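Inspection log for the structure reproduced underneath, given as C-alpha cells.
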Number of protein chains: 2
Amino acid sequence: MPSAESGCPVDALVSLIMGPWTAYIVWVLLQHDSIRFSELMKDVHGISARMLTVRLRRLEAAGLVRREQHLGIPPHVCYELTARGRELAQVMTPLESLANKWFAEDQAARRAPASGADEVRSTLPRLQGI
Amino acid sequence: MPSAESGCPVDALVSLIMGPWTAYIVWVLLQHDSIRFSELMKDVHGISARMLTVRLRRLEAAGLVRREQHLGIPPHVCYELTARGRELAQVMTPLESLANKWFAEDQAARRAPASGADEVRSTLPRLQGI
DNA sequence: CGGTATCCTTGGAGATACTG
DNA sequence: CAGTATCTCCAAGGATACCG
C-alpha cells in the first residue's frame, strides 16, 4: 500500500505531482511562456524522451500543463503551464526558499564542524545533490 | 539519473523529504508533541515496521526528527519533530490547502460535467486517492 | 520533430522470521 | 517493545530502435 492511498491529502498531491523529474520540468516551464519538446529535452538535463513524455502526459492529465500541437513538416509541439500549474509554482517557491536556507545552514555547519548543535551535525550529508 | 541529482534544488528537497509515507508520517508527528514507535505504526495506517524505520531514520538524518530512547524493559522510544521539522510543516500547509482546493474543484467539475472549461474536464481522474 | 515500442535491469517495498 | 535480517517480486526507469 503506497502512501498515496493511505489518506493523507498532501501525500496524494506530492505523489501525483512531484514524481521524479516533475519539479524540475515545472521549474523549467516556469521560465518560458511556452517551450518546445526539444527545448525541454535540453533544459531538463539528462532526461530521456520517454520519461519526459510520461511526465508531461501526467502533468497534462493533472491539468497543470497545456499541450499545443501545430502540425506540419516538421511538426511543432509546445508546452506551457496552465493557471493551475502556476498555482503549484506558488507553493513551490516557499519550498525552494526552504531548501536553499537549509542548504546554506548545512554549508555553514560543515565549515564550523566543532560548533555545538548536535541536531545540525547529524544533518551534514543531506543536500549535496543540489 | 534520477531527478535529485539533476540540479534543481526543489527536486532535491522533494526527493529526500517527500518519499513514500513521509508526508503522512510528518503529518502524524505534527499532531503529537512526542509519539512512540508503536503509536506511529497505528496512526500511519498500513505502514510496515521496516518502512517506518527506514523513513524515520532518513528523517532523522535530515534533521527533521529527533529520536529519544528511554531504555529499560520494555524499551520506550519516542519521536518528535525538530525545529526544522516544524519548518517543513509550515511549507506543507499551503501545499495541503492547494490539494484540498483542487480536490474540491474537481468534485464540483464532476457534478457539473457539461460545463465549459476543457482545462478542468481533462483533470477529472486526479485526486481520488485523497 | 516529436514522439512510441520494446527489452532489460534494478532498487525499493512487502512479507516473514528473528533479536536485544 | 522496537526494531533488524533476509528473501522475494515487480513496477518504474534507462537504453535502444523505430515510426508518422
Side-chain angles (χ1 to χ4, degrees), chain A residues 1-6 8 11-12 14-25 28-29 32 34-62 65-80 129, chain B residues 1-6 8 11-12 14-25 28-29 32 34-62 65-80 129:
Chain A
M1 183 203 267
S3 51
E5 289 94 60
S6 50
C8 175
D11 233 20
V14 167
S15 302
L16 284 167
I17 301 311
M18 301 292 191
W21 297 102
T22 311
Y24 196 176
I25 294 169
V28 170
L29 285 170
H32 304 74
S34 178
I35 183 174
R36 299 183 63 171
F37 185 87
S38 48
E39 275 299 311
L40 268 173
M41 278 290 287
K42 288 177 213 159
D43 286 10
V44 182
H45 191 74
I47 200 172
S48 66
R50 184 179 160 282
M51 188 75 306
L52 183 54
T53 305
V54 168
R55 296 333 284 192
L56 283 172
R57 291 288 183 279
R58 194 164 300 189
L59 286 169
E60 219 190 329
V65 160
R66 185 172 20 247
R67 179 176 182 273
E68 235 138 321
Q69 235 188 107
H70 310 285
L71 281 174
I73 306 278
H76 185 106
V77 180
C78 59
Y79 294 88
E80 55 188 69
Chain B
M1 185 202 266
S3 52
E5 288 97 58
S6 51
C8 173
D11 231 20
V14 167
S15 301
L16 285 167
I17 302 309
M18 301 290 191
W21 296 103
T22 311
Y24 196 175
I25 294 170
V28 170
L29 285 169
H32 303 77
S34 178
I35 185 174
R36 299 183 62 171
F37 186 88
S38 48
E39 275 300 312
L40 269 173
M41 279 288 289
K42 286 176 216 159
D43 286 11
V44 184
H45 191 75
I47 199 171
S48 67
R50 184 181 160 281
M51 187 76 302
L52 183 54
T53 306
V54 168
R55 296 333 283 194
L56 283 171
R57 291 286 182 278
R58 194 164 297 190
L59 286 169
E60 220 189 329
V65 160
R66 184 170 23 245
R67 177 175 183 272
E68 235 140 322
Q69 232 186 111
H70 309 285
L71 281 176
I73 306 279
H76 186 105
V77 180
C78 58
Y79 294 88
E80 57 189 65

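Predicted, not measured: the structure shown is a model, and the values here were computed from it. By convention in this document, chain letters (A, B, ...) are assigned in the order of the sequence lines, proteins followed by strands, and residues within each chain are numbered from 1.
- Judged by closest nucleotide on DNA chain D, B:His76 is the one of B:His76 and A:Arg55 placed further toward the 5' end.
- For the atom pair OG1 of A:Thr53 and CD of A:Glu60, the computed distance is 11.0 Å after rounding to the nearest 0.5 Å.
- The distance between atom CD1 of A:Ile73 and atom C1' of C:dG2, rounded to the nearest whole Å, is 11 Å.
- When rounded to the nearest whole Å, the span between CZ of A:Arg57 and P of C:dT4 equals 5 Å.
- Checking A:Arg36, A:His70, A:Glu68 one by one against A:His76, the side-chain hydrogen bond (donor to acceptor under 3.5 Å, both in side chains) holds for a single residue, A:Arg36.
- Atoms CD1 and CG, from B:Ile35 and B:Asp43 in turn, are 4.5 Å apart once rounded to the nearest 0.5 Å.
- To the nearest 0.5 angstrom, B:Arg67 atom CZ is 9.5 Å from B:Cys78 atom SG.
- Nearest to the side chain of B:Met51, among C:dA13, D:dG3, D:dG13, sits C:dA13.
- Contact between the side-chain N/O atoms of B:Ser38 and the OP1/OP2 oxygens of D:dC1 is not found at any separation under 4.0 Å.
- Residues forming a side chain to side chain donor-acceptor pair (under 3.5 Å) with A:Glu39 (at least two apart in sequence, or on another chain): A:Lys42.
- Here the C1' atom of nucleotide C:dA13 and the CZ atom of B:Arg58 are 12 Å apart, to the nearest Å.
- Dashed line: the shortest gap from a side-chain N or O of A:Arg67 to OP1 or OP2 of C:dG3 is under 4.0 Å.
- Rounded to an integer number of Å, the gap from CG of B:Leu52 to C1' of C:dA13 is 14 Å.
- In this structure, CG in A:Leu56 is found 5.0 Å from OH in A:Tyr79, a value given to the nearest 0.5 Å.
- Take B:Arg50 and apply the side chain to side chain donor-acceptor pair (under 3.5 Å) test, not counting sequence neighbours, and it matches no residue.
- Taking both residues in full, the closest heavy atoms of A:Trp21 and A:Met51 are given as CD1-CG, 3.5 Å, listed atom of the first, atom of the second, then distance.
- Comparing atom distances between the B:Pro20 side chain and each of C:dG3, C:dA13, C:dC1 picks out C:dA13 as nearest.
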Which atom pairs link the protein and nucleotides 15-20 of chain C when you take only N or O atoms and keep those under 3.5 Å?
none

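- A:Arg36 places its CZ atom 7 Å from the C1' atom of C:dC1, with the value rounded to the nearest Å.
- Atom P of nucleotide C:dG2 and atom CG of A:Leu40 are separated by 10 Å, given to the nearest angstrom.
- Contact between the side-chain N/O atoms of A:Trp21 and the OP1/OP2 oxygens of D:dA12 is not found at any separation under 4.0 Å.
- Shown here are the ring-ring contact (aromatic ring centres under 6.0 Å, His included) partners of A:His32, two or more places apart in sequence or in another chain: there are none.
- Whole-Å rounding puts the A:Met41 CE to C:dG2 C1' distance at 10 Å.
- For the helix from C:dC1-D:dG20 to C:dG20-D:dC1, the rotation axes defined at the first and last 5 base pairs enclose an angle of 60°, given to the nearest 10°.
- Computed from coordinates, the B:Ile47 CD1 to C:dA13 C1' distance equals 11 Å when rounded to whole Å.
- Closest approach to the A:Pro74 side chain among C:dC1, D:dA2, C:dT4 is made by C:dC1 (side chain taken as heavy atoms from C-beta onward).
- When the nucleotides C:dT4, D:dG3, C:dG2 are ranked by their closest atom to the side chain of A:Val77, C:dG2 comes out on top.
- Applying the side chain to side chain donor-acceptor pair (under 3.5 Å) test to B:Arg58 and every residue at least two apart in sequence or in another chain returns nothing.
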